[in-house]
Amino acid sequence: MVKVIIDVDDSQYPRISEKLPQIKEKGLKLTGQDMLRNLGLNSPVDHGLLRQWFFASTSPEQIEIRTPAKYAIFPNDGTGIYNGGSIIKPKKGKALAFKPGPKWNGPVNEKGYAFLKYSKGQKGQHFVEKSIKQTQGKIQDIFLKTISDVVK
């Protein structure tokens, strides 16, 4: 969760006090839109559920952003040895079976499946954290623009 606290010295701007709720609402909305944009750009796929971030709920105080991809935690945080776990081995049978992507250069069977005796897992890509950092870097500019738009 990202928490942003904004202190406003309204003694310098006498007209700003009455407009604070409007500034907060518009600034929060623009910040949320920037976060959605960054999440879409940084997600490690070109299409699919992992790119479909949306506002799950909004209030005057916060915006909750989600993705319908229940698996989003795995490419973000990593799996297996890359996330504090162990080597991934099959529970039944002798090998893990999967349909490889275009970057796979190992052997596949006639049905297009590849087999591994074990997998170290997937390294985390930390695209959510990257998106948060990118948005945090813009918050001051977003709110300065919002203030100038609203106070005019």
Grab the two heavy atoms, one from A114 and one from P107, that are nearest each other, plus how far apart they are. CB-O, 3.7 Å

Can you measure from OG1 (T67) to CG (L50) and round to the nearest 0.5 angstrom? 5.5 Å

Are S43 and W53 close enough that a side-chain donor and a side-chain acceptor fall under 3.5 Å? yes

Are I65 and V45 joined in one hydrophobic group, where the rule is that I, L, V, M, F, W and Y side chains link up if heavy atoms are under 4.5 Å apart? yes

Once side-chain contact (heavy atoms from CB on, under 4.5 Å) is applied, do any residues pair with A95, and if so which ones, sequence neighbours excluded? F115

Tell me whether the count of non-hydrogen atoms from other residues, nucleotides or ligands lying under 6.0 Å of NZ in K26 goes above 12. yes

To the nearest 0.5 Å, tell me how far S119 OG sits from I87 CD1. 8.5 Å

Provide the closest heavy-atom pair for P60 versus K24 in the form atom of the first, atom of the second, distance. O-CE, 3.6 Å

Rounded to the nearest 0.5 Å, how far apart are CG of N42 and CE of M35? 9.0 Å

Using a 3.5 Å distance criterion without hydrogens, assess whether the side chain of R66 forms a donor-acceptor pair with backbone atoms of A56. no

How far does CD1 of I23 sit from CD of E18, to the nearest 0.5 angstrom? 9.5 Å

Using only heavy-atom distances, determine whether the side chains of E64 and S57 contain a donor-acceptor pair under 3.5 Å. yes

Are I132 and L41 connected, step by step, through hydrophobic side chains (Ile, Leu, Val, Met, Phe, Trp, Tyr) whose heavy atoms are closer than 4.5 Å? no

Contact summary for I63 and L28, nearest pair of heavy atoms: CD1-O, 3.3 Å

Quick check: closest heavy atoms across Q33 and F55, and the distance to 0.1 Å? N-CZ, 3.8 Å

In terms of hydrophobic clusters joined by side-chain contacts under 4.5 Å, are Y118 and F98 together? no

Should the pair D141-K145 be classified as a salt bridge under the 4.0 Å nitrogen-to-oxygen rule? no

Does L39 belong to the same Ile/Leu/Val/Met/Phe/Trp/Tyr cluster as I73, with side-chain heavy atoms less than 4.5 Å apart forming each link? yes

Any donor-acceptor N or O pair under 3.5 Å, side chains E129, N76: yes

Hey, is the main chain of K111 close enough, under 3.5 Å, to the side chain of N109 for a donor-acceptor pair? yes

To the nearest 0.5 Å, how far apart are NZ in K133 and CG in N38? 13.5 Å

Is L20 reachable from F143 through a run of hydrophobic residues whose side-chain heavy atoms are each under 4.5 Å from the next? yes

Would you find more than 12 non-hydrogen atoms of other residues, nucleotides or ligands less than 6.0 Å from Q122 atom CD? yes

NZ or CZ of K99 within 45° of Y113 ring axis and under 6.0 Å: yes

Locate the shortest heavy-atom distance separating V108 from P100; write the atom from each residue and the value. CG1-CG, 3.6 Å

Here the gap from I139 atom CD1 to D34 atom CG, rounded to the nearest 0.5 Å, amounts to 8.5 Å

